[in-house]
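Residue numbers run from 1 in the order of the sequence given. First listed ligand is number 1; within each ligand, the first listed atom is number 1. These values consider heavy atoms only, across backbone and side chains, with no hydrogens, waters or symmetry-generated copies.
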Amino acid sequence: MARPLADPRLGGQRGRRPVRPPAGFSYIDAHTHLHPAWLSKAIRRWFAEHSDWKLTYPTEPERVVAILKEHGVERFVYFSYAHKPGIAREINRWLWETAKRLPDGIPLGTVHAADADPGGIAEEALSTYGFRGLKLHIQVQRFHPDDPRLLPVYERLVRLDRVLVIHVGNLIGAPGAGEYARFERFVRVLDRFPELRASICHMGAPGTTECFELLAKYPGLYLDTTMAMSEAGLRSLGCAPVPATNELLIRWQDRILFGSDFPNIPYDYEEERRWAWERDLPLEVCRKIFNANARRFLGLDREGVE
Ligand SMILES: [Zn+2]
């Protein structure tokens with residue numbers, strides 16, 4: 001078992017709170033991955049060749065879900081990504097077909113800026129398939145968030161009241177990725193679409209400070225905790241192992257979503273949640289981060305989905 005977080009800057013007072021959640025505590029994991037088998041294999045191969053991550057969790061949807069359920073996960077958001085143009089429709093169709101077998105899963109669609117008709121693909125994903133939003137992985141997809149070809153995509157998200165989950169920031173990844181992943185280019189999107197409800201993956205690590213500052217200006221913006229709150233996660237991302245302080249978590253308690261990147265994490269799933277129970281956080285704050293905020297972000301309660 002990894003040692004507990006001990007950085008005094010965390011502001012936690014371990015020992016005063018239980019290191020386990022109360023019985024029956026229910027999680028919503030807002031960031032997991034399910035891919036078509038051919039893509040899962042390619043992604044695992046990429047990590048084997050380009051990183052020292054040892055990925056051992058299964059990737060088959062039913063096996064992934066079984067493990068999440070064992071960990072008390074009530075519902076989970078999952079997505080894939082089109083790393084090149086021309087495959088988004090196929091992936092979205094797979095996500096939709098897969099969703100029929102996974103009643104607790106919440107799929108988000110994918111689109112590539114260089115697709116022939118990004119707006120049409122977004123329309124199909126959001127209207128025909130009824131996805132609650134889209135995921136963009138700028139670093140892998142390699143286009144700018146404010147690429148004008150994406151304007152019809154953002155317009156549809158706003159018009160249909162759906163969410164955007166976006167991975168921006170200079171994390172590990174494809175060579176040259178930083179060129180596409182600068183926050184400024186996403187801020188332009190937020191300025192143009194102030195109603196857009198969006199979540200930045202990994203709290204924008206290593207740009208976490210800048211991302212927390214964005215929350216004050218953009219009321220529809222959220223941050224997900226994926227790999228950004230544990231020492232194991234931050235080290236795997238190549239970031240300094242200094243997660244957000246309790247002060248920040250409490251100040252922005254309504255705008256933080258729990259996510260994990262499961263099953264593509266090179267450590268135990270519990271590492272993605274244990275930090276919360278080792279800190280002196282009010283239980284109400286944990287309930288928001290691990291459940292209520294995702295409900296509001298995704299509109300689960302508003303549409304009567306349970
Ligand atoms: Zn991810």
Side-chain angles (χ1 to χ4, degrees), residues 27-36 39-48 50-51 53-59 61 64-65 67-68 71 73 75-83 88 91-92 94-95 98 105-112 131-142 145 163-174 177-178 180-181 183 186 198-208 211 222-230 232-239 243 256-269 271-273 294 297-298:
Y27 297 90
I28 297 178
D29 190 331
H31 185 148
T32 73
H33 287 280
L34 295 177
H35 305 283
L39 188 51
S40 277
K41 280 199 195 81
I43 291 169
R44 288 285 167 105
R45 203 180 316 123
W46 188 93
F47 276 107
H50 296 89
S51 80
W53 292 19
K54 300 273 177 287
L55 299 175
T56 56
Y57 280 118
T59 57
V64 170
V65 175
I67 295 170
L68 291 172
H71 286 84
V73 175
R75 304 205 64 183
F76 57 97
V77 180
Y78 65 94
F79 26 78
S80 183
Y81 40 75
H83 61 288
I91 291 175
N92 287 337
W94 181 87
L95 290 164
T98 303
I106 302 168
L108 300 187
T110 185
V111 63
H112 196 287
F131 293 161
R132 290 181 184 274
L134 300 171
K135 161 81 188 293
L136 294 179
H137 194 323
I138 294 302
Q139 206 179 59
V140 173
Q141 297 185 291
R142 299 177 64 74
V163 302
L164 174 72
V165 171
I166 185 163
H167 180 149
V168 283
N170 289 332
L171 290 179
I172 61 164
Y180 294 99
F183 288 114
F186 180 54
S199 170
I200 295 179
C201 304
H202 308 292
M203 290 180 154
T208 308
C211 283
Y222 291 67
L223 306 179
D224 92 26
T225 63
T226 306
M227 301 186 83
M229 288 304 300
S230 70
L234 284 162
R235 283 196 197 285
S236 299
L237 290 175
C239 300
I256 296 168
L257 306 172
F258 159 59
S260 69
D261 247 339
F262 192 77
N264 292 331
I265 45 176
Y267 45 75
D268 192 278
Y269 183 64
E271 290 294 322
E272 285 294 311
R273 323 190 288 190
F297 178 68
L298 295 160

Enquirer: When you draw lines from the Zn ion (ligand 1) to NE2 of H31 and to OD1 of D261, what angle lies between them, to the nearest 10°?
Expert: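 It comes to 90°.
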Enquirer: Are the side chain of N92 and the backbone N or O of T110 linked by a donor-acceptor pair below 3.5 Å?
Expert: yes
Enquirer: Please find out if the Zn ion (ligand 1) and some N, O or S atom of H33 are separated by less than 2.8 Å.
Expert: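 True for H33.
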Enquirer: Between T226 and H31, is any side-chain donor less than 3.5 angstrom from a side-chain acceptor?
Expert: yes
Enquirer: F258 vs R273, test: side-chain contact (heavy atoms from CB on, under 4.5 Å). Steps then yes/no.
Expert: CA-CA 8 Å; F258 159 59; R273 323 190 288 190; 3.6 Å; yes
Enquirer: Rounded to the nearest 0.5 Å, how far apart are CD1 of I28 and CZ of R75?
Expert: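 Reported value, rounded in 0.5 Å steps: 7.5 Å.
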Enquirer: Look at the N, O or S atoms of H167, main chain and side chain alike, and state whether any lies under 2.8 Å from the Zn ion (ligand 1).
Expert: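 No.
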